[in-house]
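Presented below is the structure to which this report refers.
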Amino acid sequence: MSPTVDQMREAQRALETPLFSGLPGDIEVSFEFFPPKTEKMGETLWHAVETLKPLGPRFASVTYGAGGSTRERTHQQVVRIQNEAGIPAAAHLTCVEATREEVDEVARHYWEEGIRHIVALRGDPPDGSGKYTPHPGGYANAVELITGLKKIADFEISVAAYPEVHPDSPDAQADIANLKAKFDAGATRAITQFFFDPQCFFRFRDEAARAGIEGEIVPGIMPVLSFAAVQRMSGLCGTAIPSWMEGLFEGLDDRPEARQLVSATIAAELCRRLYAGGVRQFHFYTLNRAELSYAICHMLGLRPKA
């Protein structure tokens, strides 16, 4: 997909200094949280929700443990975010270790509670390793899950996308074909796995367009709270870590404030380059911490809404 004249002009402006000057704040954002295990973690989560709420997010999603291990906690937080914070909430739902009837029951319960948005995922093996095996009586994959959800109600459905190819996909072409099948089944948008190279996203976006995918593809942004943790997650999902990144975080393990400044700068620059390429929607993996995501949004021109 060739850039427009406006995009080329914007790309040139992005290369000028200062990098974040004059942004009109025309981006839209969404945030992902995970269900807390303790009361203290619950307080941290809710502080993050309250901090990010003034930015007017399109929605906030809450993750779902393998095999429904966090089902009740996910449900509680999804309903609370929507009812108490007033943010449109999205509930993650997976196929792992559940029958179709069990998954359908959870979906119907969400609809009855006023939750209209589901993040539909195949899910990973409960132990985090080994090959994924569908439940004998369950949905085999995200495409089947989306089809089933649409039979229950007219949910808004977000799905996952992988700019650097899903670890279980034989190749990039098969991965794109699977993403198209998700949209054809009724997905509203795709949210990507986190990545650190903007060109990786642009290539993926162009490949999706060539395959006939017209739905919204939103980049997933992971601010680095811990470089070691990001290394572990990257190994599981196939995300490449640039060689220069380790050097930037070297020596900051015991300096959390400095580490946050470096992390915010890296993520904001990534978002700025994506913005220069025409991206206006961003999804932040907050890890239940608000300050990094808030700072990045601020640098991109987003301000609290009245």
- Whether over 12 other heavy atoms sit under 6.0 Å from Arg116 CZ: yes

- Pairs where residues 139-152 contributes a residue and the test side-chain hydrogen bond (donor to acceptor under 3.5 Å, both in side chains) is met, not counting sequence neighbours: Arg100-Glu144, Asp104-Tyr139, Lys150-Asp154

- Message: Holding to ring pair (Phe, Tyr, Trp, His ring centres under 6.0 Å), I want the full list of residues that pass it with Phe59, two or more places apart in sequence or in another chain.
- Response: His117, His283

- Message: Please tell me whether Asp26 and Tyr275 have a donor and an acceptor in their side chains that are separated by less than 3.5 angstrom.
- Response: yes

- Message: Tell me whether the count of non-hydrogen atoms from other residues, nucleotides or ligands lying under 6.0 Å of CD in Glu105 goes above 12.
- Response: no

- Met8: hydrophobic cluster co-members (side-chain, 4.5 Å): Val5

- Task: Can you establish whether the number of heavy atoms outside Arg280 located under 6.0 Å from its atom CZ is more than 12?
- Result: yes

Check residues 256-266 and write down every donor-acceptor pair under 3.5 Å in which the side-chain atom is one partner and the other belongs to a residue at least two apart or another chain.
residue, atom, partner, partner atom, Å
Arg259, NE, Leu225, O, 2.8
Arg259, NH1, Leu252, O, 2.9
Arg259, NH1, Asp253, O, 3.2
Ser263, OG, Val224, N, 2.7
Ser263, OG, Val224, O, 2.8
Thr265, OG1, Leu261, O, 2.8

- Message: Going by the rule side-chain contact (heavy atoms from CB on, under 4.5 Å), which residues pair with Ala153 if we only count those two or more places apart in sequence or in a different chain?
- Response: Trp111, Phe155

- Task: Could you check whether the rings of Phe201 and Phe195 sit parallel, tilted or perpendicular, using 30° and 60° as the cut-offs?
- Result: parallel

- Note on the structure: Residues passing the ring pair (Phe, Tyr, Trp, His ring centres under 6.0 Å) test with Phe249, sequence neighbours excluded, are Phe227

- Task: With sequence neighbours excluded, tell me which residues meet side-chain contact (heavy atoms from CB on, under 4.5 Å) with Ser243.
- Result: none

- Message: Show, in sequence, the C-alpha distance, side-chain angles and deciding distance for His92 and Ser61, and conclude whether the side chain to side chain donor-acceptor pair (under 3.5 Å) test is met.
- Response: CA-CA 7 Å; His92 286 223; Ser61 67; 3.3 Å; yes

- Message: Does anything in residues 211-240 form a side-chain hydrogen bond (donor to acceptor under 3.5 Å, both in side chains)? List the pairs, not counting sequence neighbours.
- Response: Arg58-Glu216, Arg189-Glu216

Just list the side-chain donor-acceptor pairs under 3.5 Å for residues 36-45, sequence neighbours left out, or say none.
residue, atom, partner, partner atom, Å
Thr38, OG1, Met41, N, 3.1
Thr44, OG1, Lys40, O, 3.3

- Message: Ignoring hydrogens, what is the shortest heavy-atom contact between Ala268 and Phe20? Give both atom names and the distance.
- Response: O-CE2, 3.5 Å

- Message: Applying ring pair (Phe, Tyr, Trp, His ring centres under 6.0 Å), can you list everything that pairs with His135, at least two apart in sequence or on another chain?
- Response: none

- Message: Tell me whether Glu269 is salt-bridged to Arg273, with the criterion being a basic N under 4.0 Å from an acidic carboxylate O.
- Response: yes

- Please list all pairs passing the side-chain hydrogen bond (donor to acceptor under 3.5 Å, both in side chains) test where one or both residues lie in residues 171-180, with sequence neighbours left out. Ser169-Asp175, Lys180-Asp184

- Lys53 side chain to Ala48 main-chain N or O, any donor-acceptor pair under 3.5 Å? no

- Which pairs, with at least one residue in residues 295-304 and sequence neighbours excluded, count as a side-chain hydrogen bond (donor to acceptor under 3.5 Å, both in side chains)? His298-Arg303

